[in-house]
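These notes concern the structure reproduced below.
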Amino acid sequence: MGSKKADRILADILLPVYNEEHILEKSVTELRDYLQKNVSDFDWVITIGDNASIDKTLEVANGLAEKFEDVRVFHLPQKGRGRMVKYAWQKSEADVLTYMDIDLSTG
């Protein structure tokens with residue numbers, strides 16, 4: 001997961017989430033499919049950043065990380081998109097850091 005191949009750029013796509021169990025699996029699967037079909041000039045990893053969800057978001061996220069080697073999960077016990085973005089990006093070794101909403105409204 002997320003291991004950078006020699007001379008390849010690595011992009012980390014962060015999906016900050018709070019109580020998104022209803023859409024998480026569909027959105028991550030859709031994003032992975034898009035990246036696999038359309039992105040070949042750099043490597044990528046999807047990071048699910050759970051902010052203190054009280055539903056089954058973290059459970060779903062961990063299941064996706066177990067299923068896909070290019071998906072990882074961070075969990076913080078406090079709410080806050082900015083808090084998660086800062087935390088995840090400090091932990092990342094990627095060359096390019098980006099985030100998008102879980103509804104994939106960002107093109």
Side-chain angles (χ1 to χ4, degrees):
M1 170 213 38
S3 61
K4 184 177 175 182
K5 296 175 187 161
D7 300 321
R8 299 264 304 173
I9 291 174
L10 175 62
D12 189 339
I13 301 113
L14 172 63
L15 302 172
V17 293
Y18 174 74
N19 290 346
E20 302 289 355
E21 70 175 300
H22 63 285
I23 192 172
L24 184 58
E25 184 168 6
K26 178 185 179 296
S27 293
V28 169
T29 301
E30 187 175 324
L31 178 58
R32 281 188 78 253
D33 288 346
Y34 176 84
L35 292 167
Q36 288 175 329
K37 291 175 186 171
N38 297 288
V39 177
S40 60
D41 49 342
F42 59 87
D43 296 326
W44 50 268
V45 61
I46 297 170
T47 301
I48 301 168
D50 177 58
N51 290 104
S53 292
I54 56 174
D55 65 357
K56 293 183 179 179
T57 296
L58 184 57
E59 182 180 320
V60 173
N62 285 330
L64 290 165
E66 289 177 20
K67 184 176 180 181
F68 304 118
E69 68 177 22
D70 48 24
V71 174
R72 67 181 180 167
V73 177
F74 288 135
H75 170 76
L76 290 176
Q78 308 90 2
K79 291 184 193 178
R81 175 188 309 253
R83 180 178 282 122
M84 177 52 74
V85 170
K86 181 179 178 181
Y87 178 83
W89 286 358
Q90 286 177 335
K91 297 282 186 190
S92 182
E93 295 180 6
D95 304 294
V96 177
L97 304 169
T98 186
Y99 79 91
M100 59 192 312
D101 293 332
I102 194 63
D103 65 2
L104 306 180
S105 59
T106 307

With no hydrogens and no angle check, is any side-chain donor or acceptor of [X] less than 3.5 Å from a backbone partner on [Y]?
| X | Y | value |
| --- | --- | --- |
| Asn51 | Gly80 | yes |
| Ser92 | Ala88 | no |
| Asp95 | Leu10 | yes |
| Thr47 | Arg72 | no |

* Structure fact -> Nearest heavy-atom contact between Leu14 and Pro16 is O-CD, 3.4 Å

* For Ser53 against Val17, the heavy-atom pair lying closest together -> OG-O, 4.0 Å

* How about Met100 and Leu15: do any of their side-chain heavy atoms sit closer than 4.5 Å? -> yes

* Asked: Quick one: do Arg81 and Asp101 make a salt bridge, cutoff under 4.0 Å?
  -> yes

* Answer yes or no: is there an ion pair linking Asp50 with Lys79, defined by an N-O contact shorter than 4.0 Å? => no

* To do: Could you tell me the separation between the CG atom of Leu31 and the NZ atom of Lys26, rounded to the nearest 0.5 Å?
  => 11.5 Å

* Asked: Checking side chain to side chain donor-acceptor pair (under 3.5 Å) for the pair Asn19/Thr57: CA distance, chi angles, key distance, verdict?
  -> CA-CA 6 Å; Asn19 290 346; Thr57 296; 4.8 Å; no

* Asked: With under 30° as parallel and over 60° as perpendicular, where do the rings of Tyr99 and Trp89 fit, or are they tilted in between?
  -> tilted

* Asked: With a cut-off of under 6.0 Å to the ring centre and 45° to the axis, is Arg8 in cation-pi contact with Phe42?
  -> no

